[in-house]
Amino acid sequence: MTGISDSFLRPINYLRVSVTDRCNLRCVYCMPEEGVPWMARSNILTYEELSSIIRASVELGISKIRITGGEPLVRTGIADFIKMIDQIPGVEEIAMTTNGILLSRYAADIKKAGLRRVNVSMDTLKPEKFKKICRGVDSGGDIARVIEGIQAAREAGLNPVKINMVVMAGINDDEILDFASKTLDEEWHVRFIELMPFTGHDGSTPTGLTTRELKQRIDPLGHMVPFKHQWGNGPAKYYKLPGARGTIGFISALSEHFCFNCNRIRLTADGKLRPCLMSENMIDLREPLRGGMAAEQLKELIQKAVSAKPKGHLLGEGHKPNDRPFCQVGG
Ligand code: SAM
Ligand code: SF4
């Protein structure tokens with residue numbers, strides 16, 4: 001399968017599926033401290049409904065699925081859901097993005113169910129700062145649990161485990177070198193993410209750093225060389241420091257945007273297909289699905305969403321999506 005193409009002839013083969021808007025953390029760049037009103041449970045798609053949409057997408061040419069949220073591991077039965085989608089003919093790869101708090105509990109089960117890889121979000125290596133950035137909530141914001149989760153994921157054979165760090169000036173930018181150094185002696189795959197403006201987080205959200213600034217900060221560790229990898233075909237550009245065992249990736253949504261290569265669409269937990277993360281435009285699949293829509297018509301709607309992908313986002317021109325917080329989009 002080669003994937004469906006959008007109106008700009010970009011092949012679309014990647015679906016990000018948000019299984020919940022709920023989360024056990026409240027990261028400063030993602031949600032306000034008091035949280036956001038959760039979606040009504042009846043509005044959230046069942047695993048069977050999610051599977052029907054995934055099946056229809058795969059029949060159109062989607063082959064890679066990433067499970068995200070909110071926090072995907074807080075939804076009960078996630079390993080069974082992974083097993084369900086692993087059995088859909090044409091699904092070549094299932095991956096997950098998680099905050100890692102519950103990962104040590106589930107790593108072995110989700111691997112056994114068919115998950116191939118995991119990205120773990122961790123913005124600091126310091127316990128107190130971790131609590132400040134993600135504001136623990138029900139999990140207590142214990143970084144030790146994330147570290148244990150990363151370890152458990154490696155032991156379970158989820159490979160590679162990538163670490164996502166959103167870099168914020170004056171908050172965690174003093175740790176850029178610590179994270180980059182982790183790739184030298186250990187097989188850490190660190191990805192520095194440019195902070196994106198999104199509705200729903202605190203008004204006090206700090207500013208991000210550009211990839212250019214990040215590279216300058218890492219320069220004292222040596223000259224990075226581009227690294228060709230086999231992992232998916234996402235937006236990150238990868239490099240290696242001299243002699244490093246791990247890699248350093250940059251996701252530069254703002255400063256070097258990658259829209260011309262975009263290969264993805266997103267399904268929200270309440271059943272909206274979102275052609276672009278940074279545009280409010282969405283096509284509802286839940287009501288047609290619950291109304292008994294046939295698979296062929298469902299495919300037509302998915303195709304319509306793919307055709308509606310804009311050429312690029314308009315963040316540079318000051319437009320940011322204002323409809324939903326990140327956790328309700330499936331970032
Ligand atoms: N809860 C899971 C997690 O944190 O990994 C999955 C959902 S989270 C919305 C997905 C990714 O989006 C995380 O890596 C997170 O750091 C990133 N993210 C959230 N808000 C962001 C923002 N404003 N700018 C850049 N990345 C953001
Ligand atoms: Fe939760 Fe992930 Fe958002 Fe943090 S980034 S609040 S962990 S959904």
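Counting starts at 1 for both ligands and their atoms, in listed order.
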Looking only at N/O atoms, are [X] and ligand 1 under 3.5 Å apart anywhere?
{"X": "Glu71", "answer": "yes"}
{"X": "Asn119", "answer": "no"}
{"X": "Ser121", "answer": "yes"}
{"X": "Arg16", "answer": "no"}

Out of all atoms in ligand 1, which are within 4.0 Å of some heavy atom of [X]? Include the element for each.
{"X": "Met196", "result": "22 (C), 23 (N), 24 (N), 25 (C), 26 (N)"}
{"X": "Thr68", "result": "6 (C), 7 (C)"}
{"X": "Val166", "result": "16 (O), 26 (N)"}

Please check if any side-chain donor atom of [X] sits under 3.5 Å from a side-chain acceptor atom of [Y], or the reverse.
{"X": "Lys215", "Y": "Tyr239", "value": "yes"}
{"X": "Ser52", "Y": "Glu49", "value": "no"}
{"X": "Glu71", "Y": "Thr98", "value": "yes"}
{"X": "Lys111", "Y": "Tyr106", "value": "no"}
{"X": "Arg66", "Y": "Thr97", "value": "yes"}

Cationic N near anionic O, under 4.0 Å, Lys299 to Glu296: yes

Salt bridge or not between Asp86 and Arg116? Use side-chain N to carboxylate O under 4.0 Å. no

Of the listed options Asp123, Asp21, Asn99, closest to atom 7 (S) of ligand 2 (non-hydrogen atoms): Asn99

Between the candidates Cys30, Gly70, Pro72, which shows the shortest non-hydrogen contact distance to atom 1 (N) of ligand 1? Gly70

Consider ligand 1: state whether an atom of it lies below 4.0 angstrom from any non-hydrogen atom of [X].
{"X": "Cys27", "result": "no"}
{"X": "Glu194", "result": "yes"}
{"X": "Cys23", "result": "no"}

Of the backbone atoms (N, CA, C, O) and the side-chain heavy atoms from C-beta on, which set of Asn164 has a member under 4.0 Å from an atom of ligand 1: side chain, backbone, both, or neither? side chain

Test of understanding: given a 4.0 Å heavy-atom threshold, classify the contact between Val120 and ligand 1 as side chain, backbone, both, or neither. neither

Taking non-hydrogen atoms only, is Cys30 closer than 4.0 angstrom to ligand 2 via side chain, backbone, both or neither? side chain

With no hydrogens and no angle check, is any side-chain donor or acceptor of [X] less than 3.5 Å from a backbone partner on [Y]?
{"X": "Arg286", "Y": "Asn43", "result": "yes"}
{"X": "Arg245", "Y": "Glu186", "result": "no"}
{"X": "Arg135", "Y": "Arg26", "result": "yes"}

Name of the residue among Lys131, Glu175, Lys132, Lys129 meeting side-chain hydrogen bond (donor to acceptor under 3.5 Å, both in side chains) with Thr124: Glu175

Atom indices of ligand 2 within 4.0 angstrom of Cys27 heavy atoms, with elements: 4 (Fe), 5 (S), 6 (S), 7 (S)

Gly70: numbered ligand 2 atoms lying under 4.0 Å from its heavy atoms: 8 (S)

